[in-house]
4 protein chains.
Amino acid sequence: MPRKPNTEARRAEIVQALQSVMATQGYEKATIQAIAKAAGLAPGLLHYHFKSKQEILVSLVTTLADFGQRRFEQIVGSADDPMQRLSAYLEARLELGEGAAPEVVAAWVMIGAEAVRQAEVREVYQRAIANELDLLADLLAACMQRQQRATGSARELAAGLLALMEGAFLLASAAGAVMPVGYASQAALRYAVLSMETAPPG
Amino acid sequence: MPRKPNTEARRAEIVQALQSVMATQGYEKATIQAIAKAAGLAPGLLHYHFKSKQEILVSLVTTLADFGQRRFEQIVGSADDPMQRLSAYLEARLELGEGAAPEVVAAWVMIGAEAVRQAEVREVYQRAIANELDLLADLLAACMQRQQRATGSARELAAGLLALMEGAFLLASAAGAVMPVGYASQAALRYAVLSMETAPPG
Amino acid sequence: MPRKPNTEARRAEIVQALQSVMATQGYEKATIQAIAKAAGLAPGLLHYHFKSKQEILVSLVTTLADFGQRRFEQIVGSADDPMQRLSAYLEARLELGEGAAPEVVAAWVMIGAEAVRQAEVREVYQRAIANELDLLADLLAACMQRQQRATGSARELAAGLLALMEGAFLLASAAGAVMPVGYASQAALRYAVLSMETAPPG
Amino acid sequence: MPRKPNTEARRAEIVQALQSVMATQGYEKATIQAIAKAAGLAPGLLHYHFKSKQEILVSLVTTLADFGQRRFEQIVGSADDPMQRLSAYLEARLELGEGAAPEVVAAWVMIGAEAVRQAEVREVYQRAIANELDLLADLLAACMQRQQRATGSARELAAGLLALMEGAFLLASAAGAVMPVGYASQAALRYAVLSMETAPPG
DNA sequence: AATGAATGAGTGTTCATTCAT
DNA sequence: GATGAATGAACACTCATTCAT
C-alpha cells in the first residue's frame, strides 16, 4: 500500500520556515538546521524536498511575489473608482511595512540583498519587481485617464512610487525605531496624487 | 627608531576593501581572505588592525555615513538658495544610485540588510539614517520657510524622501535592469517640491 | 490467493541495475536511489529484497562469476580440439574487454577495487578468481598433454594469462583511449601458445 | 617577521597520507578526516593546501607516475645490454606487486578504478599509462633491434606486457591469497622474450 | 607590523536505512 | 509486495580567528 505524496505541503512548510528565519537572521544565517527546526522537521528532509538551499529561497521569492499579486487583486478588485483603488492598495501595502506583517517585509528586504549577489535569485526578484511596476503603472494610468491626463509618464511615476515603497520596507526593517510613525502610506499617496496632478492633459 | 605607525592608513585600506567585496558578495561571503586579497594584504593582518570582522563592518558603516555627511555639506554648501540646495543634493545623491558609484550604493544596501540582524550594526546604521533624516528635514524646512509655509511637516516629508532614496538604491542594485532610466532624481525632486507646496502657510 | 512471489525476478533486476550504475559511477556513488531509478523501482523496495547495499554487491559478484563460468562452458564446450577451445575462449573473453560488453567489464573492474577493502566482497571475488584460474589451468593442461608436455607449470602459466586478461579489462575501462586496438586477445593467445611450447616434454 | 612557506612539504605529506589510506580504504572511504589523521594534521589544513580532495588525488597520480618514471630510469639506466635492462625492469616492477610495496600497488589499483569514473583523474592516469607504454615499447624495440628483428610490433607487444603487469597488480591487491607465488615476473619475462622471438627479421 | 600556516566549529549536502501506509 | 517520506550520521568544504615566527 503506497504512501501518498505530501511533497507540496512539506515544501510549503519549509518555504514558510525559511521566510520566518530569514526575517531575523538573513539568508546566510538561515541554516538548514535552523530552517528545519523552525519547521519542526529533520534536517535531511529539506534536501529530500528541495535540491538545494537556494531552491528554497527561489521558491520563497516566487511565493511572496504570487502572494503580492493576489493581494493586489484582492485589495484593488473590490473598488470601482481608480483613485479609491490606488489609495486602498497603497494603504494596505504600506501598513504591512509598518508593523502588520514585519516578518514578510523583513524577509522581502533580505531577498533584495540576496538578489544583488545571486543571479538566479535576481532573476525571479526582477520578475517580481517588473510585475509590481506594471501593476502600479496600470493603476496610475487608470487614475490619470479618469482625470483626462496623458498617461505617458505613468510608468516613471510608478517607478518612484515603487522605490518609495521598497525604501519604506527597508527602513521599517532596519531602522524602524528612528522613522516617524505612519509616514509611509501618506507619503506614497501624496506622491502619487500630486504627481498625477502635474501630468499634462491628454 | 620606532616604526612608522601606519595603522590608520591600513584600517582605511581594509575598510575600503570590505566595501568593495561586499558590494558584489554580501557581508557573509566577504571572507577575511577575500578582503585581504582585495586590499593586497596578508589575511592575518586584518585581525591585527581589527578585533573582528564585525568591527570592520561597523567601521565601514561609520565611514560611509561620515562620507555622506561631508558630501551633503559639500554639495549643499555651495548654493545659497534653499531650493537650489535641495535640488543639487537630490540630484547628486541619486545619480549615484543610478550608475555613478554602484559599489558604494550596493555596499550600503548590504549594510541595510545586515542592520536587520546585527544589533551593533543596526545601531550605527540607525544613527546614520537619523542623521540623514535630520539633514533632509532641515533642508526642506528651509525651503518651506522661504515659501512662508509651516515647517511642522518637514520631518515627515523628509522621511518619505529618504524612503524614496533608499528604495531607489536598493532597486538600482538588485533590479536595475527593469527600472526606467533616470527616474529616481526626478521622482525625488517632484515629491519634495509638490509636497512642500501643499503645506499650509505658516 | 497468495501474491505471486516475484522476489527472484526483482532481485535479478536490482543486481542488474547495480551493475549498470556501477560501471560508470563506481560502488560508492551507485546510491540506492540511483540503482532504484535504473531498475525502475521505488527506493524502499531495494531494502525489502536485500538486507543491505553490500548484499546487492555480493550478489552481483556471484552473478558475474556464474555468468563467466557458464560462458566458459558454452564457448569451450563447442569445440573438440584443446587448442581450438583455448583460442575460442581467449578471443571470446577478451573481445568483451575491448568493446563488446564494456559495462560488464567496467563493473568487474570496480568489483576488483572493492574487493581490496571489503572482506566479504573479497571472499566471493577470490572464489571467482580461483575458479577462473582452475578453468584456465585445465584448459592449458589439456593442450600441453596433447602436445605431450609436462603439465606441472600449467597453473603458473594460467596465472599469467589471467593477469593479462584482468589487466586488459582494467586498461580497457580506465585508459582505453591510449591502448592499441585489439592487442589483448592476440597477446593472450601468443603468451599461451609460446609459453606452452617451452614446457618440457612430459 | 614573516613565517616561511612550507606548503610543498605539507602537500607531499598529505599526498603520502592519501596513498596510505587509499591503499586499504579506497578513495571514497579515504575521508578528509582519515587522511588528516594519517598525516597527523588538522582536517581543515588539507583544504588550506589543496583546493579539493580530488586535487589531492590528482597530485598522487602524478607523483606515482613520476616516481614510476624515475624508477624506470634508475633500474634500466644501470645496465648496458637491452635484454638485461628489460629483465631488470620487469623484475623490479613486479616484485613490488608481490609484496615489496603493497601500499603503492594497492593505491595504484584504486586510482585505476577512480579513473573509470572521474574524467580529471582519467586524464592524468591515461597520461601515465601512455608514458609507461612508450617506455616499454622502447625497451622492447631495443631488444628486437639487437636481435635484428623488425620492431613494428613493439608497441603491441608492450601493450600486452603492460596489461599483464597491471593485472598482476590488481590480482595481488584483491586476490593475492589465491594466486601462485612469484608467477608474475616470470610470466612477464617469458611473454616478452618469447614474443620477441616470433617477430620477423627486420 | 607583518606573515601565512594552523585550528576546529560549522555549513550545505548526500545517503543507507527505516517505517508508516 | 510496494511506496516514498523520514531520519541522522557522515561527508567535503568554508571560515573567522589564533599564533609562531
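Only a predicted model underlies this, so the values are computations on that prediction, with no experimental measurement involved. A, B, ... follow the sequence lines: proteins, then strands. Residue 1 opens every chain.
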Quiz item: Which residue pairs pass the side-chain hydrogen bond (donor to acceptor under 3.5 Å, both in side chains) test when at least one of the two sits in residues 31-50 of chain D, sequence neighbours left out?
Solution: none

Exercise. Rounded to the nearest angstrom, tell me the gap between atom CZ in A/Phe50 and atom C1' in F/dA5.
Key: 14 Å

Quiz item: Just wondering, are more than 12 heavy atoms of other shown residues or ligands nearer than 6.0 Å to CD in D/Glu120?
Solution: no

Self-check item: Nearest-Å distance for atom pair CD1/P, residues C/Ile35 and E/dA16
Solution: 7 Å

Quiz prompt | Under 3.5 Å: donor-acceptor pair, side chain of A/Arg122, backbone of A/Val116 | solution = yes

Quiz item: Pairs counted as Watson-Crick or G-U wobble with both distances under 3.5 Å: what dot-bracket string results for DNA chain E, using | for bases tied to another strand?
Solution: .||||||||||||||||||||

Quiz prompt | The single option from A/Val58, A/Val61, A/Leu57, A/Ile56 passing side chain to side chain contact (heavy atoms under 4.5 Å, CB included) against A/Val15 | solution = A/Ile56

Practice problem: Taking only heavy atoms on the protein side, list every residue of residues 17-25 of chain D lying under 4.0 Å from any atom of DNA chain F, sorted numerically. | Solution: none

Quiz item: Do side-chain atoms of B/Lys29 reach the backbone of A/Glu28 as a donor and acceptor pair under 3.5 angstrom?
Solution: no

Quiz prompt | Those residues that, when tested against D/Gln16, pass side chain to side chain donor-acceptor pair (under 3.5 Å) (two or more places apart) | solution = none

Quiz item: Under 4.0 Å between a side-chain N/O of D/Asn6 and OP1 or OP2 of E/dA6, yes or no?
Solution: yes

Practice problem: Please report, rounded to the nearest Å, how far the P atom of F/dC11 is from the NZ atom of D/Lys37. | Solution: 12 Å

Quiz prompt | Nearest-0.5 Å distance that lies between atom CD in D/Gln25 and atom CD1 in D/Ile35 | solution = 11.0 Å

Practice problem: Ignoring backbone atoms, test whether A/His49 places a side-chain nitrogen or oxygen under 4.0 Å from the OP1 or OP2 oxygen of F/dG4. | Solution: no

Exercise. Check whether any side-chain heavy atom of D/Leu60 sits under 4.5 Å from a side-chain heavy atom of D/Met22, and report yes or no.
Key: yes

Exercise. Please report the closest heavy-atom contact between A/Leu64 and A/Ile111, naming both atoms and the distance.
Key: CD1-CD1, 3.8 Å

Quiz item: Below 4.5 Å, heavy atoms only, C-beta onward: do A/Glu114 and A/Tyr125 meet side chain to side chain?
Solution: no

Self-check item: Pair C/Glu55 + C/Arg11: basic N to acidic O under 4.0 Å
Solution: yes

Quiz item: Is it true that a side-chain atom of D/Lys53 and a backbone atom of D/Leu46 form a donor plus acceptor pair closer than 3.5 Å?
Solution: no

Exercise. Summarise protein proximity over nucleotides 10-15 of chain E in one line of letters, 5' to 3': B for base, S for sugar-phosphate only, - for none, counting protein heavy atoms closer than 4.0 Å.
Key: -SSBBS

Quiz item: Quick one, which residues of residues 8-15 of chain D touch DNA chain E with a heavy atom under 4.0 Å?
Solution: D/Arg10

Quiz prompt | Nucleotide E/dA16, atom C1' - distance to CD of C/Glu55 in whole Å | solution = 14 Å

Quiz item: In whole Å, what is the span from the CG atom of B/Leu41 to the P atom of E/dT3?
Solution: 7 Å

Self-check item: Aromatic centroids of B/Trp108 and B/Phe67 separated by under 6.0 Å
Solution: no

